[in-house]
Amino acid sequence: MNDKETKIALVTGAGSGIGRAVALELLCTGWSVALAGRRVQTLEGTAALAAKGASLCVRADVSQPDDVAGLFAAVREHFGRLDLLFNNAGTFGPGGVPFEELPYDAWRHVVATNLDGAFLCAQAAYRQMKGQDPQGGRIINNGSISAHTPRPHSAAYTATKHALTGLTKSLSLDGRPYRIACGQIDIGNAATDMTERMQTGALQANGEVVPEPVMDVADVARTVRHMAELPLEANVQFATVLATTMPFIGRG
């Protein structure tokens with residue numbers, strides 16, 4: 001069971017990239033963190049990097065309702081409550097595929113992971129936060145720069161990130177009576193395995209392939225922690241964190 005002075009977080013997609021960075025930032029600043037992802041080995045790798053903090057590794061595919069139910073049951077049994085869900089798990093899908101050639105199976109995979117998964121985890125967190133004592137908690141959805149402006153050949157990813165913005169707003173409204181706050185962080189070019197290709201060249205709206213600047217993923221993690229550690233009476237509704245000189249403002 002949890003010492004009530006310790007805040008409990010659940011990070012999905014915690015085995016790599018932004019999820020790993022956020023999990024480590026929380027662990028190293030006093031949070032207890034449940035690490036969720038499809039591969040236990042990578043989750044354990046994240047846990048091993050933490051200098052301190054209590055962690056729990058749970059294998060879960062967020063697109064599968066039974067996996068999500070099992071994940072939240074494990075968190076409840078191990079920690080007793082949940083103060084933060086960082087809804088991070090996601091996939092870009094097949095890169096460089098023109099819209100007219102995008103296979104339906106690929107579309108469904110992106111939607112299932114990015115949108116269905118976010119819904120399932122948010123719903124489970126909402127139920128937990130509504131029913132626990134003291135009531136309430138915070139959900140932070142990982143959106144994207146693509147929640148504002150698409151890249152070429154990104155229809156599935158962009159559509160899900162726009163939809164995630166709607167989910168964030170609805171959760172913010174529906175959570176008010178139960179002290180459940182919901183915000184969204186939209187990230188542009190954090191240095192992870194997923195964005196490594198951008199440093200060698202990313203397709204632009206004018207058809208050119210141009211290297212793009214990236215930022216330290218640790219700066220994203222610190223921003224998430226700031227959002228997470230606000231009192232529930234305050235909320236960062238939307239935060240946009242990006243490499244300062246990336247081609248976003250003025251894109252196209």
Side-chain angles (χ1 to χ4, degrees), residues 1-62 67-68 70-91 113 117-118 121-122 124-125 128-129 132 137-144 181 183-185 187 189-196 214-232 236 239 241 243:
M1 292 295 288
N2 169 45
D3 176 349
K4 290 191 176 181
E5 296 301 314
T6 301
K7 294 293 187 181
I8 308 302
L10 167 58
V11 177
T12 65
S16 63
I18 291 167
R20 170 172 281 184
V22 169
L24 291 174
E25 176 71 16
L26 293 173
L27 283 166
C28 292
T29 53
W31 289 70
S32 294
V33 183
L35 312 172
R38 290 180 297 169
R39 292 176 290 278
V40 172
Q41 185 175 5
T42 60
L43 300 175
E44 291 174 343
T46 298
L49 292 171
K52 58 182 179 179
S55 61
L56 171 70
C57 299
V58 183
R59 196 216 71 82
D61 180 342
V62 298
D67 279 18
V68 173
L71 167 61
F72 279 82
V75 173
R76 187 165 53 251
E77 179 179 352
H78 190 82
F79 292 116
R81 64 176 288 110
L82 181 65
D83 299 292
L84 170 70
L85 165 66
F86 182 44
N87 229 347
N88 167 71
T91 181
T113 303
C121 289
Q128 171 67 35
M129 293 170 179
Q132 64 193 9
R138 190 181 306 275
I139 298 168
I140 300 175
N141 291 323
N142 187 354
S144 171
Q184 179 172 316
I185 184 167
I187 301 164
N189 288 17
T192 66
D193 291 343
M194 188 174 179
T195 60
E196 188 174 358
V214 297
M215 62 176 168
D216 192 333
V217 70
D219 294 324
V220 173
R222 283 191 286 271
T223 304
V224 173
R225 180 167 68 88
H226 168 70
M227 296 169 70
E229 292 185 341
L230 288 171
L232 290 176
V236 175
V241 185

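Given the structure is predicted, the values throughout are model-derived calculations rather than measurements.
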Would D67 and V62 satisfy side-chain contact (heavy atoms from CB on, under 4.5 Å), going step by step from the backbone distance to the final call? CA-CA 7 Å; D67 279 18; V62 298; over 6 Å; no
Check for a donor-acceptor pair, side chain of R138 on one end and backbone N or O of P231 on the other, with a separation under 3.5 Å. yes
For a quick test of reading the model, state the closest non-hydrogen atom pair linking [X] to [Y] and the distance between them.
X    : Y    : value
C121 : T12  : SG-CG2, 4.1 Å
A118 : N87  : O-ND2, 3.0 Å
A122 : I139 : O-CD1, 3.9 Å
A54  : F79  : O-CZ, 4.3 Å
A51  : C28  : N-SG, 4.0 Å
A124 : V68  : CB-CG1, 4.2 Å

Test log, rule side-chain contact (heavy atoms from CB on, under 4.5 Å), inputs L82 and R76: CA-CA 7 Å; L82 181 65; R76 187 165 53 251; over 6 Å; no
When rounded to the nearest 0.5 angstrom, what distance separates [atom1] in [X] from [atom2] in [Y]?
X    : Y    : atom1 : atom2 : answer
R59  : Q41  : CZ    : CD    : 14.0 Å
S32  : L26  : OG    : CG    : 10.5 Å
F86  : N141 : CZ    : CG    : 9.0 Å
Q184 : M227 : CD    : CE    : 8.5 Å
L43  : S55  : CG    : OG    : 9.5 Å

With L10, the side-chain contact (heavy atoms from CB on, under 4.5 Å) member among L84, L85, N88: L85
Identified side-chain contact (heavy atoms from CB on, under 4.5 Å) partner of L35 from the options V58, T46, L24, L56: T46
Residues T29, R225; criterion side-chain contact (heavy atoms from CB on, under 4.5 Å); working and verdict: CA-CA 9 Å; T29 53; R225 180 167 68 88; 3.1 Å; yes
Does R38 have more than 12 heavy atoms from other residues, nucleotides or ligands lying within 6.0 Å of its CZ? no
Who are the side-chain hydrogen bond (donor to acceptor under 3.5 Å, both in side chains) partners of R39, not counting sequence neighbours? none
Go through the steps for R20 and V217 under the test side-chain contact (heavy atoms from CB on, under 4.5 Å), then give the verdict. CA-CA 10 Å; R20 170 172 281 184; V217 70; over 6 Å; no
